[in-house]
Amino acid sequence: MLVLGLETSCDETGVALYDSERGLLADALFSQIDLHRVYGGVVPELASRDHVKRMLPLIRQVLDEAGKQASDIDALAYTAGPGLVGALLVGASCAQALAFAWGVPAVGVHHMEGHLLAPMLEEQPPAFPFVALLVSGGHTQLVRVDGIGQYQLLGESLDDAAGEAFDKTAKLMGLNYPGGPEIAKLAEQGTPGRFVFPRPMTDRPGLDFSFSGLKTFALNTWQQCRDNGDDLDQARRDIALAFQQAVVETLTIKCKRALKQSGLKSLVIAGGVSANKALREHLEGMLGEMKGKVFYARPRFCTDNGAMIAYAGCQRLLAGQHEDLAIKVQARWPMESLPAL
Ligand SMILES: Nc1ncnc2c1ncn2[C@@H]1O[C@H](COP(=O)(O)OP(=O)(O)OP(=O)(O)O)[C@@H](O)[C@H]1O
Ligand SMILES: [Mg+2]
């Protein structure tokens, strides 16, 4: 089955062609980061309008790259939520219109299920069951995964998502959006031990997270450095390192707890923050000690992309799922409500 996948939940237009027999044939992405950078975050209306502009050229591009024609496509998959409603509607209406015109089915995909399954596109995919850590711009969740659609939420962030905390901490130090990669780069030149940030909610039982306090801690530290007349370039590097270490160690402690509780030894990390090198190294160290394994996608499939949507949609289409003609999207959509395959 050849599936055309469309991702438009936020500020990236992603398009990909996935073949159930041959794997991923082509994928293309247009990131709107430059469009939103001057505002320090995503402007929903600008995002929707830009998806409209990018979608058809990207579809033509993946068809050309794969040497395929519209008539070869067996089905469409599009992100139906969670995300920005206007942005989601662009992908949903485009997919439904093409599906109707081409006489093929279309399926709406849960964006976080897409992230969760992205490591399945790699050469050594994880086998069920596993624990998944979803760490993106809008989500921080620990999930027990027994199969596609068999999700049990073990814990989640009570306030900011991990990626959001990276972005806000970067912004308060005058760094560019998105802040995750900026902080990661600066942290490489940080002075170990100059600042020590708290590891929120690790001293009590449970698998929930809280990251908003870290951002406040970063703000106070930054203001202190300014008041003291410190070298601000070095202060940025040192705060970046202390902040990243706190996030990484907090996530690692909770992942270890989740694995122990569930008796599993496979951990999948997915979403934009799973591209973070320090996080990968730390988790690999922890899983190494447990004689387990950590799985993640190549960096460009950690952040939003069409490939994960084409893959997740393909699995659901193969199981016989598809939508009626109504164009439905959901800004909020709990992943546990998805049907099991
Ligand atoms: N190397 C990195 N280190 C830390 N954070 C990173 C890194 N690369 C990207 N990020 C963060 O990942 C986030 C973007 O990831 P993603 O595209 O998965 O999120 P989103 O789609 O905005 O949110 P969601 O998937 O929850 O709707 C941003 O917050 C960004 O700062
Ligand atoms: Mg995302």
Side-chain angles (χ1 to χ4, degrees), residues 5-14 29-33 36-37 40-44 47 51 79-85 87-88 91 109-119 132-141 143 156-157 160-173 175-188 190 209 211 214-215 218 240-241 243-248 250-251 268-283 296-309 312 329-335:
L6 310 181
E7 155 63 35
T8 63
S9 69
C10 189
D11 59 345
E12 258 110 20
T13 319
L29 187 86
F30 182 85
S31 171
Q32 305 175 354
I33 283 174
H36 300 289
R37 185 166 279 143
V42 178
V43 183
H51 286 307
T79 307
L84 302 170
V85 166
L88 290 166
V109 172
H110 191 290
H111 180 77
M112 297 313 293
E113 179 172 78
H115 276 304
L116 171 66
L117 297 177
L133 172 71
L134 302 177
V135 267
S136 57
H139 295 80
T140 304
Q141 295 183 326
V143 186
E156 64 183 333
S157 178
D160 291 353
E164 190 180 357
F166 267 97
D167 295 337
K168 287 178 174 171
T169 298
K171 191 174 176 181
L172 68 88
M173 297 195 289
L175 301 172
N176 273 335
Y177 172 84
E182 300 275 323
I183 296 241
K185 207 163 52 190
L186 286 176
E188 285 176 16
F209 305 92
F211 288 112
L214 278 184
K215 164 198 69 193
L241 177 63
F243 170 83
Q244 179 175 274
Q245 280 177 334
V247 173
V248 165
T250 303
L251 292 172
V268 164
I269 54 171
V273 183
S274 71
N276 187 278
K277 252 172 64 186
L279 177 64
R280 290 176 171 200
E281 284 168 12
H282 227 75
L283 288 172
Y296 40 75
R298 68 198 88 166
R300 74 191 163 95
F301 291 163
C302 290
T303 43
D304 291 352
N305 64 86
M308 66 185 196
I309 301 304
V329 297
Q330 298 183 67
R332 289 171 185 278
W333 187 5
M335 205 167 68

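Indexing begins at 1, ligand by ligand and atom by atom, following the structure's order. FYI, side chains are in, hydrogens and waters are out, and symmetry mates aren't considered; it's all heavy atoms of this structure.
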Over all heavy atoms of both residues, which pair between [X] and [Y] is shortest? Give the atoms and the distance, please.
{"X": "P178", "Y": "I33", "answer": "CD-CD1, 3.6 Å"}
{"X": "P82", "Y": "A331", "answer": "CB-O, 3.0 Å"}
{"X": "A162", "Y": "V247", "answer": "CB-CG1, 4.5 Å"}

Candidate list N276, I269, L133, test side chain to side chain contact (heavy atoms under 4.5 Å, CB included), partner Y296, passing option: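 Going through the options one by one, the only one that passes is I269.
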Proximity of D167 to ligand 1 by residue part, where a heavy atom lies under 4.0 Å: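 Just the side chain.
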Part of K277 with heavy atoms under 4.0 Å of ligand 1, whether side chain, backbone, both or neither: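 For K277, there is no contact with ligand 1 at all, from either part.
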Contact check: [X] vs ligand 1, nitrogen or oxygen atoms, below 3.5 angstrom:
{"X": "G138", "result": "yes"}
{"X": "P82", "result": "no"}
{"X": "H139", "result": "yes"}

From the candidates [options], the one that places a heavy atom nearest [atom]:
{"atom": "atom 11 (C) of ligand 1", "options": "N305, V273, D304", "value": "V273"}
{"atom": "atom 8 (N) of ligand 1", "options": "C10, G272, A187, G180", "value": "G272"}
{"atom": "atom 24 (P) of ligand 1", "options": "P181, S136, G14", "value": "S136"}

By ring-ring contact (aromatic ring centres under 6.0 Å, His included) - contacts of F211 (at least two apart):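 Expected list: F209.
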Non-neighbouring partners of F301 that pass ring-ring contact (aromatic ring centres under 6.0 Å, His included), sequence neighbours left out: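 For F301 there are no ring-ring contact (aromatic ring centres under 6.0 Å, His included) partners, ignoring immediate neighbours.
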Go through ligand 1 atom by atom and flag the ones less than 4.0 Å from a non-hydrogen atom of [X].
{"X": "H115", "result": "18 (O), 25 (O)"}
{"X": "M112", "result": "25 (O), 26 (O)"}
{"X": "G163", "result": "29 (O)"}

Atoms named by residue and atom, protein N, O or S, within reach of the Mg ion (ligand 2) (under 2.8 Å):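 N, O, S partners closer than 2.8 Å: H111 NE2, H115 NE2, D304 OD1.
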H111-E7 side chain donor-acceptor pair, cut-off 3.5 Å: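 Note: H111 and E7 side chains meet the donor-acceptor criterion.
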CE on M335 to CD on Q141, rounded to 0.5 Å: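 Atom-to-atom, Q141:CD and M335:CE are 6.0 Å apart.
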Salt bridge (charged side-chain N to carboxylate O under 4.0 Å, His left out) partners of residues 272-282, not counting sequence neighbours, each pair once: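 Sorted pair list comes back empty.
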Aromatic ring pairing H110/W333, orientation class (parallel under 30°, perpendicular over 60°, tilted between):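 The arrangement is tilted - the two ring planes meet at 30° to 60°.
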How far is [atom] from its nearest protein heavy atom, and which residue and atom is that?
{"atom": "atom 3 (N) of ligand 1", "result": "N276 ND2, 3.0 Å"}
{"atom": "atom 13 (C) of ligand 1", "result": "G137 N, 3.7 Å"}
{"atom": "atom 25 (O) of ligand 1", "result": "H111 NE2, 3.0 Å"}

Main-chain N/O of C10 paired with H51 side-chain donor or acceptor, under 3.5 Å: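 Judged by distance alone, yes, a pair lies under 3.5 Å.
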Main-chain N/O of G271 paired with S136 side-chain donor or acceptor, under 3.5 Å: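 No, S136 side chain to G271 backbone: no donor-acceptor pair under 3.5 Å.
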Side-chain heavy atoms of M308 within contact of L116, under 4.5 Å: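 SC-SC contact between M308 and L116 ruled out.
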